[in-house]
2 protein chains.
Amino acid sequence: MANTRSATNMTAIADALGVSAATVSNALSGKGRVSPELAEKIRAKAEEMGYVPSQTARALRTGRSGVFGLVLPDIANPLFPRIAQAIEHAAATAGYGVLIADSRGDSAAQTLAIQRLLERDVDGIVIVPRFGTRITDLGCPVSVIDSPSTPGNTVSADHWQGGQLIADHLLSLGHRHFAFVGHTPLSNVQGDRIGGMKSRLPKDARFETMWIDRIEAERGRGCPLGVKDLVARGITAFAATNDLHALRVLTELQQAGVKVPEDVSVTGFDDLVWSSVVTPGLTTVKQDMAAIADIAVGALIDVIEAGPQDAPVAENASGTAPKRAVAVGRADRVAMSLVERQTTGPAAGPAGGPARAQANNFPGDDAGAHSTSSLTQPLRRNEP
Amino acid sequence: MANTRSATNMTAIADALGVSAATVSNALSGKGRVSPELAEKIRAKAEEMGYVPSQTARALRTGRSGVFGLVLPDIANPLFPRIAQAIEHAAATAGYGVLIADSRGDSAAQTLAIQRLLERDVDGIVIVPRFGTRITDLGCPVSVIDSPSTPGNTVSADHWQGGQLIADHLLSLGHRHFAFVGHTPLSNVQGDRIGGMKSRLPKDARFETMWIDRIEAERGRGCPLGVKDLVARGITAFAATNDLHALRVLTELQQAGVKVPEDVSVTGFDDLVWSSVVTPGLTTVKQDMAAIADIAVGALIDVIEAGPQDAPVAENASGTAPKRAVAVGRADRVAMSLVERQTTGPAAGPAGGPARAQANNFPGDDAGAHSTSSLTQPLRRNEP
DNA sequence: CTAAGGTGATTAAACGATTAATCACCCTCT
DNA sequence: AGAGGGTGATTAATCGTTTAATCACCTTAG
């Protein structure tokens with residue numbers, strides 16, 4: 001704004017029309033009392049002069065910057081583009097800008113990143129927290145996107161239900177021997193996803209869980225996961241907690257000469273960019289980022305528009321809920337949807353693939369979000 | 001800031017110490033004339049009261065918001081995380097915040113996105129332009145990150161040199177029959193990358209170029225690229241213009257039973273997240289995003305600190321360079337570096353693999369950035 | 001002894017919008 | 001006709017910081 005910003009401010013418009021600046025403000029905001037004719041004249045003049053209101057001045061006066069902060073554990077995370085895009089879109093639609101902050105590194109970096117945002121007077125913060133960090137009261141509205149099982153979570157995909165989708169899909173194809181591939185058990189998201197999958201398994205199903213951080217701690221970064229051994233042990237389906245791990249498994253299998261999906265099936269999570277371009281296309285489960293972003297941003301806006309409930313913590317009659325400036329009470333979980341591609345197929349091999357395993361390709365079973373209840377009802381009986 | 005912002009402003013500090021607000025300002029900024037003792041007392045008090053300067057007020061007064069805008073053609077682009085992370089880091093280091101704007105969709109969306117940033121009074125904009133859009137004078141400093149062959153480009157990776165790195169590497173392995181895989185010829189970046197590769201080819205080399213947009217226009221999105229046919233025609237190396245296409249080629253080859261790197265080699269560009277986790281690991285070429293971001297942000301800061309050179313366009317004695325508020329004159333290109341992994345190996349097959357092709361695994365030839373000149377000197381002779 | 005110069009602080013005017021308070025004026029009702 | 005009410009505008013304060021201008025005071029030189 002400094003240099004070339006056209007010096008068209010309210011005063012300039014006011015002078016040009018011989019009215020006061022306040023009248024211009026009222027006319028443009030439609031708030032005060034201005035005659036319709038004059039208001040129209042002012043709007044026209046503003047348009048003509050290319051007037052652009054100064055968000056800065058407005059922010060100073062109103063105490064609202066019109067900007068949200070977005071804090072991510074690691075901007076380089078492949079899911080980030082989706083989140084950022086969705087949040088930016090939701091925020092822009094509501095008239096807000098989005099300031100990004102990267103909290104890569106330790107949780108101290110996260111605190112610092114938040115601090116920087118607060119100094120910039122953001123009106124609210126959307127945060128995808130790091131593992132094991134608890135978001136404390138920031139003194140400004142906060143939306144937390146993580147997992148329904150994270151305390152203080154505001155909204156997130158229903159990872160558990162997504163896991164169920166995957167499990168139901170694989171079960172319906174006749175699979176009974178699974179390998180779940182995650183990165184670290186410290187992540188609530190991964191925990192939920194695997195938990196959801198496990199929750200669907202019938203009594204006759206078996207599974208193993210592989211944690212990549214453990215494996216790499218032993219064998220080094222980027223080491224082979226040894227998937228062929230697992231296949232030899234009878235596993236017919238690898239269900240990873242995200243597409244990156246699924247891709248790793250998929251290519252390692254292909255390299256080892258294991259046919260996908262003929263010999264084994266592979267699934268991922270998140271429907272990242274490459275999922276649709278690899279061969280065979282990766283069956284995965286997708287988050288409705290737009291919906292999540294709308295809720296996260298909506299929660300922020302609700303709190304902001306509710307106005308400053310200055311009363312610090314006292315005056316709390318009911319005494320139950322500590323009055324924090326956090327957007328609570330909306331622990332929404334957004335349903336995930338199955339994206340069925342080519343890495344999943346009927347279970348093969350001697351592992352006793354039942355006849356019904358052949359009956360895949362159920363009509364109407366490949367169209368995005370859907371409940372798979374009809375397929376899994378017989379299995380649910382055996383749930384613990 | 002609205003609600004819970006601690007009401008600790010300069011006046012509060014001034015009152016607490018019985019001095020004027022101006023003195024507090026001077027003491028904290030070290031600009032005016034304040035006695036050392038008082039200055040120290042003020043700093044201590046500010047610390048004690050948890051004073052945080054209002055960027056908003058400062059912005060209004062100084063005309064500098066301390067925020068840059070970052071415009072990206074499509075936030076969902078897999079390279080975006082790297083760019084955003086690097087820019088955010090460079091900006092934060094220089095004391096600036098980063099406001100994101102997504103210009104997905106057409107170039108009108110890009111204009112709108114830029115408009116939104118300008119309304120928020122950004123001090124400068126870093127933009128990765130869409131294909132074929134020309135960044136006009138925005139009335140604020142702009143850094144363009146695209147390709148050295150794009151007019152108005154400020155800084156970017158040296159895609160041409162990156163291409164040379166790949167070509168030299170493959171040539172040294174004995175490859176002579178190439179397939180270049182790009183998305184669209186409209187992209188300067190992709191054009192440069194392929195151009196660089198071609199520039200290294202000796203007379204006895206042959207190549208074909210595949211444009212994915214063309215292929216998909218015919219056969220539909222996500223269609224097979226038909227790489228096996230190309231292999232049958234004698235191609236031993238697929239060099240893609242980015243890792244996503246490389247991954248597509250790689251998995252299609254694996255699925256078709258073609259061995260990588262034994263039968264054919266595959267290379268990508270950008271060293272995206274998955275390049276290191278797939279099997280075999282993808283040989284690629286990497287951008288030094290940190291350096292690029294530093295230059296892009298540095299150019300912005302240079303222009304800003306040069307102060308408002310108000311003189312519109314007149315007063316331009318030499319008359320050559322139109323005085324735009326654009327950060328020109330730094331058409332830097334940042335060298336790329338080869339990341340050698342397992343998708344590349346000696347050329348095999350009847351296509352006349354020369355003896356020297358077997359002589360791969362040169363000692364010291366697998367360590368990130370390096371010039372491959374010693375390997376390619378004999379070939380350079382034959383350049384056009 | 002007084003003018004000049006230096007030092008360390010204060011005053012006050014911005015920046016550009018919002019908004020409560022005020023004012024001038026006209027109309028209507030009793 | 002005077003009180004009361006509505007309308008359409010203006011005035012002026014305010015948000016928190018920066019900064020040019022000013023001021024009071026002290027020192028030193030002529």
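Chain letters run A, B, ... following the sequence lines, proteins first and then strands; every chain starts at 1. Keep in mind that what you see is a predicted model, and the values were worked out from it rather than measured.
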Main-chain N/O of B:V155 paired with B:D332 side-chain donor or acceptor, under 3.5 Å: no

Atom CG of B:L17 and atom C1' of C:dA9 are separated, to the nearest Å, by 13 Å

Decide, yes or no, whether a salt bridge links B:R116 with B:E119 under the criterion of side-chain N to carboxylate O below 4.0 Å. no

Does D:dT10 have its OP1 or OP2 closer than 4.0 Å to a side-chain nitrogen or oxygen of A:S20? yes

B:L28 CG - D:dG16 C1' separation (whole Å): 13 Å

In whole Å, I'd like the distance from the CG atom of B:N9 to the P atom of D:dT14. 13 Å

note: A:D15, atom CG; C:dG16, atom C1'; distance rounded to Å ~ 13 Å

Round to a whole Å and report the spacing from CD of A:E40 to C1' of D:dG8. 17 Å

Just by distance, do the side chain of A:T62 and the backbone of A:R58 share a donor-acceptor pair under 3.5 Å? yes

Would you mind reading off the distance between A:Q55 atom CD and C:dA17 atom C1', rounded to a whole angstrom? 11 Å

Atom CZ of B:R64 to atom P of D:dT19: distance rounded to whole Å? 10 Å

Protein proximity profile, nucleotides 18-25 of chain C - base contact B, sugar-phosphate-only contact S, no contact -, cut-off 4.0 Å on heavy atoms: BB------

May I ask you to check whether B:T56 and A:D121 show a side-chain donor-acceptor distance below 3.5 Å? yes

Rounded to whole Å, the CG-P distance (B:L60 to D:dG16) equals 12 Å

Treating B:Q85 as the side-chain partner and A:D102 as the backbone partner, does any N or O pair qualify as donor plus acceptor under 3.5 Å? no

Are A:R43 and A:E40 close enough for a salt bridge, meaning some N to O gap below 4.0 Å? yes

Looking only at side-chain atoms of A:A57, point me to the closest of C:dA17, C:dA9, D:dG16. C:dA17

For B:R61, all residues meeting salt bridge (charged side-chain N to carboxylate O under 4.0 Å, His left out), sequence neighbours excluded: none

Are A:S35 and D:dT7 close enough that a side-chain N or O sits under 4.0 Å from OP1 or OP2? no

